[in-house]
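Because only heavy atoms are used, hydrogens play no part in the values below, and waters and symmetry mates are left out as well, while side chains stay in. Note that the structure is predicted; figures quoted are calculated from it, not measured. By convention in this document, chain letters (A, B, ...) are assigned in the order of the sequence lines, proteins followed by strands, and residues within each chain are numbered from 1.
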Protein chains: 2
Amino acid sequence: MSSAIADVAARARVSKATASRALSGNGYVAEATRLRVIAAAEEIGYVASSNAASLVTGQTKNIGVVMPFINRWFFGEVLDGIEQALLDRGYDMTLYNLHAGSPDRQRVFDFFLARKRFDGIILIGVEPTEAERQALTRLAIPLVGIGFPTDGIPTLAMDDRGAARRATEHLISLGHHRIVHIGGDGADESPFSVAALRGAGYREAMAAAGLESESRIETTVMSLPGGYDAGANILSSAHRRPTAVFASCDEIAIGAMIAARRLGLRVPGDLSVIGIDGHEYAEMFSLTTIEQRPRQQGSDAATALLDAVAGNPAQAAVVDVPARLIVRTSTAPLAPTRAVPGVAERAPAEEQTA
Amino acid sequence: MSSAIADVAARARVSKATASRALSGNGYVAEATRLRVIAAAEEIGYVASSNAASLVTGQTKNIGVVMPFINRWFFGEVLDGIEQALLDRGYDMTLYNLHAGSPDRQRVFDFFLARKRFDGIILIGVEPTEAERQALTRLAIPLVGIGFPTDGIPTLAMDDRGAARRATEHLISLGHHRIVHIGGDGADESPFSVAALRGAGYREAMAAAGLESESRIETTVMSLPGGYDAGANILSSAHRRPTAVFASCDEIAIGAMIAARRLGLRVPGDLSVIGIDGHEYAEMFSLTTIEQRPRQQGSDAATALLDAVAGNPAQAAVVDVPARLIVRTSTAPLAPTRAVPGVAERAPAEEQTA
DNA sequence: CTGAAAGCGCTTACAG
DNA sequence: CTGAAAGCGCTTACAG
C-alpha cells in the first residue's frame with residue numbers, strides 16, 4: 001500500500017537516484033524532469049520514509065525532549081514553544097516525562113535516548129546525575145537545557161535568585177517586614193533547583209534589609225492546591241500572621257490568595273502576595289509577579305539546538321532569559337493591622353458518588 | 001563514537017547475526033554466547049539504532065499523537081497517560097499540537113504523519129476533515145481517537161450528552177429553574193464537538209423538565225479566565241440572575257465561582273455551580289462535578305492502539321469511558337433569594353513595568 | 001543532466 | 001547453535 005521511491009521513479013520514468021534528487025532538491029535535475037517527478041509523487045501521495053533517509057544521511061529530523069512534568073503551566077508552555085519551532089523546521093518532537101522517583105528514569109537515558117533517534121536533546125527542569133550526564137555526552141549530539149544549568153550543557157535560565165530577590169525587595173519597599181516565602185518542595189534535592197535558588201534570593205533580600213530574624217520559608221507542592229494548603233496553614237493563626245507572602249511561583253501565589261480570602265483576609269488590604277512566572281491566570285487574579293515567558297524560552301531553546309545541529313553551537317554556557325516585574329493589585333503598602341472577622345475556613349468537601 | 005552492532009560482534013567474537021539474535025532474544029543462541037554478547041554490548045554502551053532496525057522489521061516503536069492543545073488540563077492528563085503506557089512498552093511518543101487555524105495542520109497530516117515514522121496514531125479532541133481522514137487511512141496503520149468519534153477510527157469518549165444531562169438534572173433536582181449553561185466555544189464548528197454535545201444534553205434536560213423557556217447558553221473559552229468572564233457577565237446584573245450554573249468544564253466552573261464570589265454572591269447559598277471533568281482543582285474549590293479520568297483514557301487508548309499494532313484491533317467503534325457524579329458543596333438546594341450587598345467588581349489591573 | 005552501484009545499520013531466512 | 005548473504009528504502013559519490 002505505502003509507496004516507495006521506486007514507484008515514483010517508475011511513474012516518472014526516471015531512476016530512483018533522479019527521483020530522489022528531484023524530490024530532495026539536492027543535485028542537478030532538469031526542470032521538466034523535476035516537475036514530472038514531483039507530479040508523480042503527488043499522484044501517489046509519496047513521502048520519503050524518514051527511517052530510510054536517516055540511515056544514509058545521518059540526520060533524523062527528530063528532537064528528544066525530557067521534562068519532569070507535562071501538566072504544569074510552565075512546562076506546557078515551554079513544550080508548546082518547542083513544538084512550534086521544530087514543526088516550522090520540519091522536525092519532530094519526541095517527549096519523555098520523567099516522573100519523580102520512577103525507575104523509568106534510567107531507561108530513558110540508557111535506552112530511549114540511546115537508540116540513535118535524535119539529532120539533539122532538550123532537557124527542561126532536569127538536573128542530570130553524573131552518570132546521566134555522561135550518557136548524554138556519549139550520544140555525541142547537541143544538547144540544550146532550560147532552567148537547570150549543568151556542566152557542558154548550554155542552558156537558558158531565568159536568574160532565579162535575582163528574581164526572588166527583586167520580588168522580596170518589592171514587598172520590603174512597600175514597608176512589609178513580616179514576609180513569608182512559600183517555596184516549592186525540592187529545595188533540598190539540589191542547591192541549583194529553582195526552589196533552592198529562589199529561597200536563597202529571598203533570604204539574601206531579607207538579610208540585606210536587616211530582616212533575617214523575620215525570615216520564614218514554608219515549602220509545598222508547586223500548584224494551586226499546594227499554595228492553598230500552605231497559605232491556609234500560615235494564615236490561619238492570628239499570631240504573628242505575615243503581612244506579605246512571596247510565593248515561588250504564581251500557582252502557589254494564587255492558591256495562597258484564595259486561602260487568604262477564605263479566611264476573611266483582604267488582598268492586598270490584609271495581605272500582599274507576589275509570585276513568579278507570569279502565569280496565564282495572573283491577570284485574572286490581579287497578581288503582582290515577575291514575568292518570564294516560558295513559551296519563548298522553548299522556542300529559543302529549539303532554535304539554539306537546531307543551530308547547533310547545523311554546526312553552530314551556542315556560545316554562552318548560560319543564557320539569562322528576561323524577567324520583569326509586573327505590579328498589579330495583589331501587593332500594596334503595609335497598612336495598619338485590622339482585626340479580621342472570624343470567617344470560617346472552607347467546609348470539608350463532602351463527597352458522594354451517584 | 002557511536003557504536004554499531006559490528007563492534008559488539010567483534011568484541012564478543014561472533015557474527016553480527018548472532019549478536020543481533022543474542023541482543024534481541026529472537027532465535028537460538030547458546031547461553032554462554034548470549035552472555036558474552038550482552039556483556040560486550042554493555043561495555044561499549046551499545047543500543048541498536050532504531051532507524052536501521054525499523055527499516056528491516058517494519059516496526060518503528062513510535063506512536064504519533066495529535067491534539068489541539070497541550071496546556072489544558074484534560075489534554076495534559078491524557079498525554080501523561082499515553083506517555084507512561086507507551087514507555088512501559090518501549091514505545092516513543094511524538095507529539096503534534098494542531099494550533100487552531102494554523103496552516104501547519106495540513107502539513108501534519110500530509111507530511112509529518114506520512115513519513116512512515118509511526119506504528120500507530122492517536123488523535124485527541126480532533127475531528128479530521130474528510131481529506132484528513134483519507135490521508136490517515138492511506139497510512140494503513142492503526143488509529144485510535146479520544147473524544148471525537150469519527151468514521152473508521154475506534155474512539156474512547158465520555159457520553160458528553162448524557163453527562164451534561166445528568167449535571168443539569170442534578171441542579172433541577174435541587175429545585176433550580178433558572179439554570180444557565182456556560183459552554184465552550186466551538187459548538188458551532190461541529191455538531192459532534194464536546195461543546196455542542198454538552199449543550200445538547202443541557203437543552204434536553206431542561207426541556208424534559210419543562211424548562212425550555214429558561215434555557216440560556218453562554219459560550220466562552222474553556223479556561224478559568226473564560227469562565228470568570230462569562231460568569232461576571234451573567235451574574236453582574238440582578239435582573240433574572242440565574243440561581244445555578246452548569247459549566248461545560250471544571251475550569252469554566254471554577255472561573256464562574258470566583259466571579260460569583262467577587263460579586264458578593266455566596267456559593268452555593270446564592271449560586272450553585274456544577275462542572276464536568278474532575279479537574280485537579282475541583283476538590284480545593286469543593287466543586288460538584290462529573291468526573292472523568294483523562295489520564296486513564298490516555299493509558300487505555302495507548303494500550304488499545306498497541307494491541308491493534310500487535311494485530312488485535314479494537315472491537316467497538318466507540319468505547320464509553322466511565323463518568324460519575326461527585327457531589328461537593330458548590331451545589332445546594334435552591335434557597336429563597338436574598339438581597340446581595342453591592343460588592344464592587346474586581347478593580348481593573350493596574351499594570352506597570354519596572 | 002542522469003543512471004548504476006554502493007552502502008547506511010540493522011534483522012532474518014537459509015544453510016550448515 | 002552459528003555465519004554468510006540478502007535486503008529494508010533511501011541517498012550519494014562516481015561515471016558518463
Q. K61(B) has an atom NZ; how far is it from atom P of dG9(C), in whole Å?
A. 22 Å
Q) Between dT11(D) and S20(A), is there an OP1 or OP2 to side-chain N/O distance shorter than 4.0 Å? A) yes
Q.
Could you go through D110(B) and R138(B), starting from their C-alpha distance and side-chain angles, then the distance that decides it, and tell me whether this counts as salt bridge (charged side-chain N to carboxylate O under 4.0 Å, His left out)?
A. CA-CA 10 Å; D110(B) 292 345; R138(B) 227 180 303 130; over 6 Å; no
Q: Using a cut-off of strictly less than 4.0 Å, decide whether Y46(B) has a side-chain nitrogen or oxygen near OP1 or OP2 of dC10(C).
A: yes
Q. Nearest to the side chain of S15(A) - dT11(C), dC1(C), dG3(C)?
A. dG3(C)
Q.
Using the side-chain heavy atoms of A53(B), tell me which of these nucleotides is nearest: dG3(C), dC10(C), dT11(D).
A. dC10(C)
Q) Toward the 5' end of DNA chain D, which comes first, V56(B) or Y28(B), by nearest nucleotide? A) Y28(B)
Q) What is the distance, rounded to the nearest whole Å, between atom CD of Q59(A) and atom P of dC8(C)? A) 17 Å
Q. Looking only at heavy atoms, which two atoms of G152(A) and P154(A) are closest? And how far apart?
A. O-CD, 3.8 Å
Q) Where each residue is assigned the nucleotide of DNA chain C containing its nearest heavy atom, which of A17(B) and N51(B) is assigned the position nearer the 5′ end? A) N51(B)
(Q) Expressed as a whole number of angstroms, how long is the span from R13(B):CZ to dT2(D):P? (A) 15 Å
Q: Would you please name every residue forming a salt bridge (charged side-chain N to carboxylate O under 4.0 Å, His left out) with E77(B), sequence neighbours left out?
A: R295(B)
**Q.** Rounded distance (Å) that lies between atom C1' of dT12(D) and atom NZ of K16(A)
**A.** 12 Å
Q: Evaluate the criterion salt bridge (charged side-chain N to carboxylate O under 4.0 Å, His left out) for residue pair D92(B) and R117(A); output intermediate values, then yes/no.
A: CA-CA 10 Å; D92(B) 277 334; R117(A) 250 184 199 178; 2.5 Å; yes
Q | T33(A) side-chain proximity, nearest of dT11(C), dG3(D), dT2(C) | A | dT2(C)
Q) So, is S49(A) near the phosphate of dC8(D), with a side-chain N or O under 4.0 Å from OP1 or OP2? A) no
Q) According to the Watson-Crick and G-U wobble definitions, with both distances under 3.5 Å, which nucleotide is paired to dA4(D)? A) none
Q. Taking atom C1' of dC10(D) as reference, at what distance in whole Å does atom CG of D7(A) sit?
A. 13 Å
Q) What is the distance, rounded to the nearest whole Å, between atom CZ of R115(B) and atom P of dC8(D)? A) 23 Å
Q: Please report, rounded to the nearest Å, how far the P atom of dG9(D) is from the CZ atom of R117(B).
A: 17 Å
Q: Would you mind telling me which of dC10(C), dT12(D), dT12(C) lies closest to the side-chain atoms of N26(B)?
A: dT12(C)
(Q) Just by distance, no angles: are the side chains of D88(A) and Q84(A) close enough, under 3.5 Å, to form a donor-acceptor pair? (A) yes
Q. Between dT11(C) atom P and L55(B) atom CG, what is the distance in whole Å?
A. 11 Å
Q. If only side-chain N and O atoms of T18(B) are considered, is one of them under 4.0 Å from the OP1 or OP2 phosphate oxygen of dC1(D)?
A. no
(Q) With a 3.5 Å distance limit and no angle check, can you tell me whether T60(A) reaches the backbone of D119(A) through a side-chain donor-acceptor pair? (A) yes
Q) Which nucleotide in the list dC10(D), dT2(C), dT2(D) gets nearest to the side chain of R21(A)? A) dT2(C)
Q. With both distances kept under 3.5 Å, what pairs with dA13(C), Watson-Crick or G-U wobble?
A. none
